[in-house]
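Shown next, in C-alpha cells, is the structure this report addresses.
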Amino acid sequence: MKALSRRQLLQMTAGLGLASVLLQSSSSLASMWSQVFGQAKREILPITPNEEFYMTSYRTPPFLPADQWTLSIHGEVKKPFTLNYAKLLEQPRVLEIVTLECVGNGVGGEAIGTAEWQGVRLKTVLDRAEVSNQAYDVIFHAADGYSDSLPIERAMMDDLLIAYRMNGVPLPLGHGFPARIIAPGHYGMKHVQWLTSIELQPKDYQGYYQEKGWSDEAIVKTTSWITDPQTGDILRGDKPLTIKGLAFAGSRGIRQVDLSTNGGETWNNTQLSPALSDYSWVQWDYEWEPRVRGDHRLLVRATDGIGSLQSAEETNPFPDGVTGLFESIVLIE
Ligand SMILES: Nc1nc2c(c(=O)[nH]1)N[C@H]1C(S)=C(S)[C@@H](COP(=O)(O)O)O[C@H]1N2
Ligand SMILES: [Mo]
C-alpha cells in the first residue's frame with residue numbers, strides 16, 4: 001500500500017544519517033538533494049505504459065489460467081449464474097480511461113497511473129442476475145483471498161467495469177488477470193483484481209482493508225504535483241522555464257491548478273491540458289521567468305470540478321488518503 005513522497009523521503013533522511021551528508025556537501029538545498037538522490041523520472045505520459053504501472057497486492061499475485069477461470073454471481077439475486085472467460089468477452093464492450101491511485105500513495109508518489117481499460121459494465125452482469133430488493137452490498141471476491149465491496153446503488157452506475165484488457169492487451173498478471181473491477185473515483189483498494197465471484201448480501205460488508213480500519217467509501221482526494229523541475233534541479237534563470245505536472249481528483253475532475261514560485265506567498269494560474277476522460281488525471285504547465293537567483297520553493301495546488309481547493313494540511317494515508325501540498329525546491333543560477 002505504501003509509496004513514499006519526496007517529502008517523506010526527506011524526513012526519512014534524518015533517520016538514515018543522510019542529513020549530515022546533506023549539510024556538509026553544498027551551499028544550496030537544491031544541489032544537496034541532487035547529490036544524494038540523483039534524478040528521477042520526469043517525462044510523464046498521459047497514459048501510463050503497462051510496464052511502468054505501479055503494482056500493489058497484499059501477497060503474490062495468483063495465476064488463474066483463462067480457460068479454467070469462472071466468475072459467479074450469486075447471493076441476493078433471482079437468477080444466479082456463472083460466466084467463463086469466453087462468455088465474458090462476448091458481452092457488450094466498454095472502453096474507459098481511468099486513473100488508478102493507491103490510498104497509500106504519498107503526495108507526488110509513484111502509486112498512481114492512468115490506463116485505458118476495456119471490459120463489461122458491472123451493471124450489465126448484475127442486471128442479468130436480477131438483483132433482489134434485499135441486496136445492500138455487492139462483494140467482489142478474489143482468488144488471493146482479497147475482497148472489497150460497493151453499495152448496490154453505486155455498483156449499478158454506468159462507470160463501473162469488470163475489466164479484462166489494459167491499454168490494448170489482456171490484463172497483465174500483476175494487474176488482475178483474467179478480470180478485475182475498475183471503480184472510477186475510488187482509491188485502488190476498491191478495484192479488486194483476480195476477480196472470481198460477485199456476491200450480493202442484505203447488509204454492509206467489510207473487506208480486507210476495511211477490517212484493518214481503512215475507509216470503506218475510499219473516495220479519491222484532490223491531489224497535484226510537479227513532475228518537472230524536481231527538487232535538486234539547478235536551472236538557468238536567463239530564459240523562461242516550463243513547469244509541468246499533474247493533478248487528480250477522481251471523478252470530480254480538475255477545474256484549476258495554481259502554482260507558486262515563492263513558497264506559497266502568491267499563486268499563478270496554470271494552463272490545463274484537456275482531460276483524457278471524466279475519470280483521469282489532468283496535465284498542467286506554467287511558463288516561468290525566474291528573475292531572482294537562489295533557491296526557490298515551487299508549490300502546486302488544485303481545485304476540483306466542484307470548486308473545492310485541495311487541502312494543504314499534511315496528513316498520513318491512513319485511513320482515507322493523504323492531503324498536503326507538493327513542493328519542488330530548485331536553484332536558479
Ligand atoms: N485481489 C486483490 N485485488 C487488489 C489488491 C489485492 O491485494 N488483491 N490490492 C488493491 C490495491 S491496495 C490497489 S492500490 C490496487 C492496485 O492495482 P494495480 O496493482 O493494478 O496497480 O489493486 C487493489 N486490488
Ligand atoms: Mo492500494
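Just so you know, ligand 1 is whichever comes first in the structure, and atom 1 is the first atom listed for that ligand.
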#### Entry: ligand 1-proximal atoms of H191, by part, heavy-atom distance under 4.0 Å
backbone

### Task
With heavy atoms of M55 as the reference, note each atom of ligand 1 found under 4.0 Å away.
19 (O)

### Query
With atoms numbered from 1 as shown, which atoms in ligand 1 lie under 4.0 angstrom from a non-hydrogen atom of G174?
19 (O)

### Query
For ligand 1, is any non-hydrogen atom under 4.0 Å from V103's backbone (N, CA, C, O), its side chain (CB onward), both, or neither?
neither

### Message
Side chain or backbone, does E101 bring an N or O within less than 3.5 Å of an N or O on ligand 1?
### Response
no

### Message
Closer than 4.0 angstrom, basic N to acidic O: yes or no for K244 and D228?
### Response
no

### Task
Between S57 and ligand 1, find which residue part has any heavy-atom pair under 4.0 Å and reply side chain, backbone, both or neither.
both

### Query
Side chains of T114 and W281: is there a donor and an acceptor less than 3.5 Å apart?
yes

### Task
Establish, from distance only, whether the side-chain atoms of S147 and Y205 form a donor-acceptor pair under 3.5 Å.
yes

### Query
Any chance the side chains of D285 and Q283 put a donor and an acceptor closer than 3.5 Å?
no

### Message
Distance under 4.0 Å to a non-hydrogen atom of A142: what atoms of ligand 1 satisfy this?
### Response
1 (N)

### Task
Return yes or no for this condition: an N or O of R180 is under 3.5 Å from an N or O of ligand 1.
yes

### Task
Specify side chain, backbone, both or neither for W194, according to which of its non-hydrogen atoms lie closer than 4.0 Å to ligand 1.
side chain

### Query
Counting from 1, what ligand 1 atoms have a heavy atom of C102 closer than 4.0 Å?
14 (S)

### Query
Which of these passes ring-ring contact (aromatic ring centres under 6.0 Å, His included) with W214: Y58, Y187, F318?
F318

### Query
Do any nitrogen or oxygen atoms of H175 lie less than 3.5 angstrom from nitrogen or oxygen atoms of ligand 1?
yes

#### Entry: N-O pairing of K221 and D320 below 4.0 Å
yes

### Under 4.0 Å to a heavy atom of F53 - the qualifying atoms of ligand 1, by number
21 (O)

### Task
Would you please say whether a donor-acceptor pair under 3.5 Å links the side chains of Q193 and S57?
no

### Summary
Under 4.0 Å between heavy atoms, the region of Y187 that gets near ligand 1 turns out to be neither

### Task
Select one of side chain, backbone, both or neither to describe which atoms of Y208 lie under 4.0 Å from any atom of ligand 1, heavy atoms only.
neither

### Query
Looking at the rings of H191 and W117, which for Trp means the six-membered one, are their centres under 6.0 Å apart?
no

### Message
Only heavy atoms of Y209, strictly under 4.0 Å: list the atoms of ligand 1 that pass.
### Response
12 (S)

#### Entry: SB check D159 R154 (cutoff 4.0 Å)
yes

### Query
Taking only residues at least two apart or on different chains, which pairs with a member in residues 140-152 satisfy salt bridge (charged side-chain N to carboxylate O under 4.0 Å, His left out)?
D148-K190

